[in-house]
Trainee: 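Please read through the structure below; I'll follow up with questions.
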Amino acid sequence: MPMSTPTRYDVCIIGTGRVGLPLGLSLIDAGLDVVGVDRDPAIRRTVNAGEMPFAEPGYDALINARRLMVHDGPAVAADSAAIVITVGTPLRNHIESDLRQIDAVLDGLAPHLRAGQLVCLRSTVAPRTTRYVAKRLAALTGLRIGDELRLAFCPERIAEGRARTELRTLPQIVGADDPASAEAAEALFAHLAPEVLPTDTVSAELVKLFNNIARYVHFAVANQFALIADTFGANIHAIRRLANHRYPRDGIAPPGLTAGTCLRKDFGMVNEWSPHPDLLLAAWKMNEYVPAFLVQHLEQRLPLEGRTVAVLGYSFKRDSDDVRDSLVPKLVRYIERCVPAEVRVSDHNLPDPLPAPAGEPARPNFAFEAAVRDADAVFVAVNHSLYPTFVRRLPALAPAAWIVDLWDVGGTEQTFYRSADLRPTTHE
Ligand SMILES: NC(=O)c1ccc[n+]([C@@H]2O[C@H](COP(=O)([O-])OP(=O)(O)OC[C@H]3O[C@@H](n4cnc5c(N)ncnc54)[C@H](O)[C@@H]3O)[C@@H](O)[C@H]2O)c1
């Protein structure tokens with residue numbers, strides 16, 4: 001039996017980003033003592049000053065209380081009963097998950113681990129990654145996994161923007177390959193969730209991937225339907241409305257720009273281990289083609305060379321300040337290949353200049369009115385909840401514009417239409 005040493009903290013979260021920070025705060029809310037570790041000085045500064053470094057509603061009071069202090073190195077993990085790893089796991093440029101952040105955590109953490117502690121991997125990973133982590137930790141620490149060091153995979157399944165509610169309502173999947181690890185991880189997550197569902201590590205890894213991939217494919221089908229409807233000169237929004245109306249099975253999702261840091265990469269984590277082309281690769285191609293479809297099909301109506309183009313929205317999803325893996329920068333690049341006179345991007349949820357992907361120039365963030373005034377074309381790239389109201393001002397602000405609105409925020413039930421087709425607000 002491992003010796004159990006008293007610890008100062010119940011949980012140490014390594015990686016206090018969009019997943020780790022809400023989790024840490026919700027665990028504090030559930031009555032646990034939590035400490036954080038993050039290598040990013042800006043995150044540490046902001047959190048330790050009692051502020052959220054990104055938008056995630058519902059955490060203001062908890063962060064203001066400054067009960068979660070974030071350290072720069074993993075030594076503090078020695079003082080914690082459980083360690084939860086929530087660092088990033090992007091795809092490399094190849095079909096290969098990038099484990100560099102996890103490897104760096106394991107190397108830094110190993111000298112501070114001892115028998116009796118629980119390590120939970122919560123980053124989204126390819127199947128069998130937890131078994132790789134088990135071997136690495138055993139090699140680095142000399143501890144036996146299960147008997148001495150407990151190890152589990154407990155996936156995060158929240159949607160950004162809904163963490164506060166979903167962390168307390170979603171069932172928690174707990175994957176472990178030995179009884180001691182299972183017992184320790186189930187006890188930890190029972191503090192948070194109404195229900196804890198135990199399984200083995202590979203099944204838990206697949207649950208997370210399948211949850212995300214199912215959504216990604218669901219949206220790819222919606223986008224494929226939008227293209228098919230367009231081929232036949234039919235209206236996808238009207239078809240979808242008719243198809244879903246009081247029909248009890250499998251609602252058709254709305255078409256749109258589908259990507260984001262979670263959805264886009266997870267198909268790659270499954271494909272990494274398979275030689276065959278599959279449905280998931282086809283879904284990837286479908287979703288990635290949508291920006292090109294929008295630009296090509298607008299150009300059949302209005303060649304963009306020398307025109308002024310506005311793009312509304314830049315984040316990867318509605319009402320978010322997260323631009324990671326957003327398809328809008330790709331849409332903007334395709335618009336620029338048409339050599340317009342000017343492209344003005346506007347997103348009221350983001351700072352000015354807009355956050356730039358590595359190696360890309362920073363773009364100014366125009367206010368809505370400045371972006372669309374007298375534009376020849378307006379792309380509604382994200383379905384932010386304010387946009388139905390904003391878009392109704394287009395007949396006054398950009399009376400001659402073509403609108404590209406795959407999300408149908410204008411309510412015209414058309415993807416390509418003229419500003420004059422919108423019902424204007426009365427005060428314009
Ligand atoms: N964002 C989501 O909605 C979401 C939902 C479910 C699952 N996930 C998964 O959760 C994981 C984390 O995603 P995220 O969106 O929170 O990423 P993030 O980039 O917002 O957060 C990761 C944090 O880890 C820190 N970090 C990286 N390496 C470190 C190290 N060696 N030591 C200390 N800190 C380190 C980074 O500075 C960053 O603050 C990913 O695997 C992601 O796929 C994300």
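Counting convention: from 1, in listed order, for ligands and their atoms alike.
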Trainee: Checking a contact table here: which protein heavy atom is nearest atom 21 (O) of ligand 1, and how many Å away?
Mentor: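 Answer, as residue, atom name and distance: G17 CA, 3.3 Å.
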
Trainee: Over 60° means perpendicular and under 30° means parallel, so tell me whether Y387 and H348 are parallel, tilted or perpendicular.
Mentor: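 Taking H348 first and then Y387, their aromatic rings stand perpendicular (interplane angle over 60°).
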
Trainee: Within a distance under 4.0 Å of any heavy atom of S123, pick out the atoms of ligand 1 and give their elements.
Mentor: 11 (C), 41 (O)

Trainee: Taking the six-membered ring of Y247, is the NZ or CZ of R249 close enough (under 6.0 Å from the centre) and on axis enough (within 45°)?
Mentor: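 The answer is yes; both the distance and angle limits are met.
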
Trainee: Does R157 reach ligand 1 with a nitrogen or oxygen that is under 3.5 Å from one of the ligand's nitrogen or oxygen atoms?
Mentor: no

Trainee: Relative to the heavy atoms of I158, which atoms of ligand 1 are at a distance of less than 4.0 Å?
Mentor: 5 (C)

Trainee: For atom 43 (O) of ligand 1, grab the closest protein heavy atom and report residue, atom and distance to one decimal in Å.
Mentor: K265 NZ, 2.8 Å

Trainee: Give the residue, atom name and distance (to 0.1 Å) of the protein heavy atom nearest atom 20 (O) of ligand 1.
Mentor: R18 N, 3.0 Å

Trainee: From the options D72, V87, V37, select the one whose nearest heavy atom is closest to atom 40 (C) of ligand 1.
Mentor: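 Comparing heavy atoms across D72, V87, V37, the nearest one to atom 40 (C) of ligand 1 lies in V87.
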
Trainee: Can you tell which of H71, R324, K317 gets a heavy atom nearest to atom 14 (P) of ligand 1?
Mentor: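 Checking each option, the heavy atom nearest atom 14 (P) of ligand 1 is found in R324.
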
Trainee: Decide if the gap between the ring center of Y314 and the ring center of H384 is smaller than 6.0 angstrom.
Mentor: no

Trainee: Closer than 4.0 angstrom, basic N to acidic O: yes or no for D107 and R136?
Mentor: yes

Trainee: Under 4.0 Å between a Lys/Arg side-chain N and an Asp/Glu carboxylate O for K330 and E288?
Mentor: yes

Trainee: Closest non-hydrogen protein atom to atom 9 (C) of ligand 1, residue and atom name please, with distance?
Mentor: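 Here the closest protein heavy atom is T124 OG1, 3.4 Å.
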
Trainee: Look at atom 30 (C) of ligand 1 and say which protein heavy atom is nearest, naming residue and atom and giving the distance to 0.1 Å.
Mentor: V105 CG2, 3.7 Å

Trainee: Of the protein's non-hydrogen atoms, which lies at the shortest distance from atom 34 (N) of ligand 1, and what is that distance?
Mentor: R39 N, 3.2 Å

Trainee: Indicate, as side chain, backbone, both or neither, the part of V125 found under 4.0 angstrom from ligand 1 when only non-hydrogen atoms are considered.
Mentor: neither

Trainee: Do the side chains of R168 and D29 get close enough for a salt bridge, i.e. N-O under 4.0 angstrom?
Mentor: yes

Trainee: Do any nitrogen or oxygen atoms of T89 come within less than 3.5 Å of a nitrogen or oxygen of ligand 1?
Mentor: yes

Trainee: Can you confirm, on distance only, whether ligand 1 has an N/O atom lying under 3.5 Å from any N/O atom belonging to E156?
Mentor: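 In this structure, E156 places no N or O atom under 3.5 Å from an N or O of ligand 1.
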
Trainee: Would you call R18 and D322 a salt bridge, using N to O less than 4.0 angstrom?
Mentor: yes

Trainee: Could you give me the CA-CA distance, side-chain angles and deciding distance for M286 and L227, then say whether side chain to side chain contact (heavy atoms under 4.5 Å, CB included) is met?
Mentor: CA-CA 10 Å; M286 185 66 251; L227 263 62; 3.5 Å; yes

Trainee: For ligand 1, which atoms, with element, lie under 4.0 Å from some heavy atom of K208?
Mentor: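 Those of ligand 1 that fall under 4.0 Å from K208 are 6 (C), 7 (C).
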
Trainee: Can you find an N/O atom of D38 closer than 3.5 Å to an N/O atom of ligand 1?
Mentor: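 Yes - when backbone and side-chain N and O of D38 are compared with those of ligand 1, one distance drops under 3.5 Å.
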
Trainee: Nearest to atom 3 (O) of ligand 1 by heavy atom, R122, R44, E160, Q101: which?
Mentor: E160

Trainee: Check this for me, if you would: do R241 and E413 make a salt bridge, where the nitrogen-to-carboxylate-oxygen distance has to be below 4.0 angstrom?
Mentor: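 Salt bridge: yes.
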
Trainee: Considering only the protein, which heavy-atom contact is closest to atom 22 (C) of ligand 1, and what is its distance?
Mentor: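 Answer for atom 22 (C) of ligand 1: T86 O, 3.7 Å.
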
Trainee: Is there a side-chain contact between R114 and Q117 in this structure, where contact means two heavy atoms from C-beta onward sitting under 4.5 Å apart?
Mentor: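 Of all side-chain heavy-atom pairs linking Q117 with R114, at least one is under 4.5 Å.
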
Trainee: Considering non-hydrogen atoms of the protein only, which is the closest contact for atom 24 (O) of ligand 1, and what is the distance?
Mentor: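 Here the nearest protein heavy atom works out to G15 CA, 3.3 Å.
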
Trainee: Select the closest option to atom 8 (N) of ligand 1 among T16, V19, L121, I85, judged by heavy-atom distance.
Mentor: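 Going through T16, V19, L121, I85 one by one, V19 has the nearest heavy atom to atom 8 (N) of ligand 1.
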
Trainee: Is it true that a side-chain atom of S123 and a backbone atom of V87 form a donor plus acceptor pair closer than 3.5 Å?
Mentor: yes

Trainee: Heavy-atom contacts with I43 under 4.0 Å: which atoms of ligand 1 show up? List them by number with element.
Mentor: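 So the answer, numbered in order with elements, is 39 (O).
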
Trainee: Looking at R162, I want to see if its CZ is surrounded by more than 12 non-hydrogen atoms of other residues, nucleotides or ligands under 6.0 Å.
Mentor: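 12 or below, so no.
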
Trainee: With R164 as the cation and Y59 as the aromatic partner, state whether NZ or CZ is under 6.0 Å from the six-membered ring centre and within 45° of the axis.
Mentor: yes

